[in-house]
Amino acid sequence: MKVNRNMTNLQIAQLLRAVAAALELTPGDNRFRQIAYERAADAIEHSSSEAKDLWDDNELASLPGVGESIASHLDELFRTGKVRHFDSILKEFPPALFELLDIPGVGPKNALKLCKALGITSAHSAISKLEKAAKKGQVALIEGFGEDSQAKILTGIIEQKGRSKRLLLNTAQTIADSIQNWMEKIPQVEKINALGSLRRQASTVGDIDLSVASDDARAVIEHFTKYPQKSRVLEAGTQTASLTLPNEYQVDLMVQPSQAYGSLLQHFTGSKHHNILLREYALKKGLSLSEHGIKRAGKVVQFESEQKFYNFLGLDWIPPELREGENEIQLALTHKIPKLVELADIRGDLQIHSNIDVEPSHDLGESTLRELAEKAKQLGYEYIGLTEHNPAVSGHTEGKIEELIKKKTEIVHSFHDSIHIFNGMEIDIQPGGKRALPDKCLSMLDYACVSVHSSFRQNKSDMTKRVLAALDHPKVKFFAHPTARLLNEREGIELDWDQIFDFCLKNGKWLEIDGWPNRLDLPDVLAHEAVKSGVKIVIDTDSHSADHLDYMRYGVSVARRAWCTRNDIVNTLPLTGMRKLLC
DNA sequence: GCCGTTTTCGGCCCGACTGTTTTCAGTCG
């Protein structure tokens with residue numbers, strides 16, 4: 001592991017987890033110190049701010065789980081690029097050990113045994129050395145290991161190699177639907193739900209989690225392990241089972257009888273961090289929580305609904321999107337959980353690409369204005385906005401560009417229907433901050449949004465100036481897919497978000513949540529920060545065909561995870577309200 | 001090592017599954 005001053009949150013989390021693993025292997029060490037390091041790792045990995053920025057503002061210890069001691073170690077890390085205390089703990093163990101922890105099923109104790117028995121020391125190619133040894137049958141000979149655990153290590157290595165990417169939310173939904181259909185073929189399945197990060201609507205999903213209500217868990221699990229598209233069955237017990245799909249994605253299933261289904265939903269929805277906090281809260285009331293129910297004085301109370309489960313604890317029901325272990329439990333206790341925006345609140349979609357050919361700089365849409373309007377009416381919208389990309393700058397004179405915009409404007413204005421069409425445009429922000437459309441053309445439009453489609457790696461300060469310059473025009477209403485990230489493909493750009501929020505707030509600009517499944521941008525944590533600052537959000541789909549308008553549900557999911565209410569979202573306004581904002 | 005609606009000291013979430021044991025340790029979510 002390379003330790004340096006510029007570590008990302010994920011890298012720091014991995015460093016802290018390595019320390020936790022080393023502590024676990026240190027004889028006589030306090031088990032809870034180890035847990036403390038793991039919690040600090042979780043807190044940093046899930047923080048909405050870069051740890052280094054928090055350190056700059058002397059706010060590291062504001063992260064729950066990061067106290068005085070770990071904060072001072074991180075201070076040393078950011079000042080000097082290393083942490084002597086961590087070094088002294090880690091140097092007792094072969095670097096290879098920490099690599100082996102990546103293999104599912106291999107924990108600190110077994111990793112150490114493997115390193116010692118097989119003589120694997122360096123981090124470099126540690127996993128492939130283990131793989132070779134296992135294939136030669138050497139692992140089965142080590143004390144405490146056998147043929148089965150050797151085979152398990154080999155499948156674990158396959159899994160580790162194949163699982164570099166997380167599933168996009170919409171893909172996960174499709175897979176879950178297919179398994180759900182399979183499970184519903186047998187009568188013993190009374191209820192079935194997809195839970196975990198999918199139910200919490202995280203932008204990407206690691207595992208697919210399913211729960212079933214049934215009095216015959218055996219039959220349910222047996223049927224599950226016969227799912228036709230499975231690759232391998234990882235485990236199958238009396239209440240839970242796991243299998244993998246051909247692309248190494250894992251599916252976990254858990255079964256409880258109907259009368260205890262509420263606690264199962266709660267348990268399996270997570271997040272892990274939410275559950276830990278909830279159990280700690282319950283413990284103070286003398287209650288112990290599990291997927292079976294709530295244990296009070298040795299007796300388990302069962303719950304058929306999740307609502308009853310939370311109410312029994314004196315809490316309001318908490319929407320799954322908010323169960324990430326922030327302050328949702330305290331708010332549920334004092335009846336302060338906000339009413340989150342819903343799909344039905346949305347009145348229109350302001351980033352749609354039609355097939356009106358303005359000879360654009362990027363992809364043209366596929367659907368006609370008529371097709372888009374019909375689809376939007378089906379969704380119950382009052383308005384949509386067409387935002388084709390600006391005409392390509394190269395190969396067009398300013399006169400030609402003007403002509404193209406004029407032509408498009410005439411098409412939009414001559415279209416009459418019960419749904420209102422706003423005449424917009426998505427404009428590239430050039431590397432220097434200039435908009436890729438002459439201001440003369442802007443005056444023909446009802447509005448525009450701006451976005452970054454090139455030079456993604458500028459430094460934070462230049463990038464921030466670039467974006468603010470482009471936003472600074474009365475017709476420019478919002479900043480589209482603001483981080484420009486592509487999930488599993490491209491990191492987002494670097495911006496000084498406080499400056500962006502501040503500018504938006506002062507100048508009435510909005511930030512977009514783009515519902516396109518591999519964008520989902522703004523990301524939930526940043527959108528949460530934005531609305532806390534008072535910045536308004538517009539949720540769009542970035543549709544390039546009429547079918548894509550259905551992606552609105554994913555944009556709304558991001559907004560819900562960002563704690564947005566209807567008031568935070570401008571396109572919950574009816575047409576009259578939106579007209580005032582745009583014209 | 002962290003933290004406070006019983007606590008600044010004394011606690012720290014809970015259970016399932018597997019493999020290798022012969023009653024439990026390790027790992028996971």
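What you see below is based on every heavy atom in this structure, not just the backbone, and it leaves out hydrogens, waters and symmetry mates. Computed from a prediction, not measured in an experiment: that's the story for all the values here. Letters go in sequence order (proteins before strands), and every chain restarts at 1.
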Legend entry - Whole-Å distance separating the NZ atom of A/Lys109 from the C1' atom of B/dC24: 12 Å
Legend entry - Test item: A/Thr240 side-chain N/O and A/Leu253 main-chain N/O as donor-acceptor pair under 3.5 Å: no
Legend entry - Nearest-nucleotide 5' precedence on DNA chain B, A/Asn110 against A/Arg39: A/Arg39
Inset, instruction - Look at the side chain of A/Asn30 and the base of B/dG1, then say whether one donor and one acceptor between them are separated by less than 3.5 Å. - result: yes
Legend entry - Candidates B/dG15, B/dC17, B/dG29 - which lies nearest the side chain of A/Asp252: B/dG29
Inset, instruction - Would you mind reading off the distance between A/Glu38 atom CD and B/dG1 atom C1', rounded to a whole angstrom? - result: 12 Å
Inset, instruction - Ignoring the backbone of A/Ile70, work out which of B/dC14, B/dC2, B/dT27 is nearest its side chain. - result: B/dC2
Legend entry - Spacing of the C1' atoms in B/dC13 and B/dC28 (rounded, Å): 14 Å
Inset, instruction - Remember a base hit wins even if backbone is also touched, and classify A/Leu283 as base, sugar-phosphate or nothing at under 4.0 Å, heavy atoms. - result: sugar-phosphate
Inset, instruction - Determine the Euclidean distance between corresponding P atoms of B/dT20 and B/dG26; express it in Å to zero decimal places. - result: 14 Å
Legend entry - Closest-nucleotide ordering on DNA chain B, the 5'-leading residue of A/His85 and A/Thr334: A/His85
Inset, instruction - Please work out if A/Leu277 contacts a base, only the sugar-phosphate, or nothing of the nucleic acid, heavy-atom cut-off 4.0 Å. - result: nothing
Inset, instruction - Check every strand shown and say whether A/Lys295 touches a base, only sugar-phosphate, or nothing at a heavy-atom separation below 4.0 Å. - result: sugar-phosphate
Inset, instruction - Look only at the side chain of A/His274 and the backbone of A/Gly325, and say whether a donor-acceptor pair between them is shorter than 3.5 Å. - result: no
Legend entry - Complementary nucleotide for B/dT8 - Watson-Crick or wobble, under 3.5 Å: none
